[in-house]
Amino acid sequence: MRGESYMKKPIIGILANVLVTEGGLFPGMTRESVSHDYVQAVIMAGGIPVLLPVISGEENIRGQIEKVDGILLSGGYDINPLKYGEEPYQEIDATFPEIDDHHLMSARIAVELGKPMLGICRGLQVINVAFGGTLYQDLSHFSSNCLKHFQKGQRHVPSHTVELMQDTVLARILGEDAVVTNSFHHQSAKDIAPGFRVNAKAKDGIIEGIEKMDKTFILAVQWHPEMMADKSPEMLPIFRELISAAEKASITAFD
Ligand code: MN
């Protein structure tokens, strides 16, 4: 029933990671893992969060994405550089092919099905690589004199400036020329995927946000607004925008 579906809060699928338990009762056991901050941010912004565990097979992944109104690509491990046509350099961290395959395929299927998408940290990198972009495997490859993009201390604390490009979706959402964000990354986007544009940069030139240039809602930021949302409510509109795009997409699907 259309009226009923209109009233329902949109369901946001948060792509999970895999966490290997090191000690405890079941050493070596893997668990599906998503930081509670993502769950909380989706709820605060008016969505219903569900977790999408890492699985394989296009049919299965398509089944996951069909069931949600929008997806949130969370932070996590480095992407295997072979996925964007590079050999691994010294600074690359551990990579997990099954997670990469799930996340990259989810992003492509989401676009195909017209599901809005928000990428955070690794999520930005997944989106860029999924649609043909590349990454700096380490920020030292961009410049030997980068700002500190892996801050020490508490996760919600804003540490560096992010300048927002005029006339972008992100600048409109945040309503500012610049914001101060937290920062927990050692990689960043290098070549931007075709059809996307940069919407945010740190003062050293590191790309801090990208978005799709057509009507599809795909937005991605390199910082962690979900860790800030509780103490810096000005970050919440990023999640609200995903939820409102998901709401619109689910209504259109019923027409
Ligand atoms: Mn940064």
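We count ligands from 1, going down the list as the structure has it; atoms in each ligand are counted the same way.
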Indicate the atoms forming the closest heavy-atom contact of W223 with I120, along with that distance.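 Result for this residue pair: O-CG2, 3.4 Å.
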Under 2.8 Å from the Mn ion (ligand 1), which protein N/O/S atoms are there?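 Metal shell, protein only: H149 ND1, H160 NE2, S183 OG, H185 NE2, E208 OE2.
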Which residues satisfy the side chain to side chain donor-acceptor pair (under 3.5 Å) test with N182, sequence neighbours excluded?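 Once residues adjacent in sequence are excluded, N182 has no partner under the side chain to side chain donor-acceptor pair (under 3.5 Å) criterion.
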Scan for ring pair (Phe, Tyr, Trp, His ring centres under 6.0 Å) pairs involving residues 165-194, sequence neighbours excluded, and state none if there are none. H149-H185, F150-F184
When you check the side-chain N and O atoms of D191 and T134, is any donor under 3.5 Å from an acceptor?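 The criterion, which ignores hydrogens and geometry beyond distance, is satisfied for T134 and D191.
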Pairwise side chain to side chain donor-acceptor pair (under 3.5 Å) hits with a residue in residues 169-178, at least two apart: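 Side chain to side chain donor-acceptor pair (under 3.5 Å) check on residues 169-178 returns R172-E241.
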Should we count CD of E112 as having more than 12 external heavy atoms under 6.0 Å?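 Correct, the count exceeds 12.
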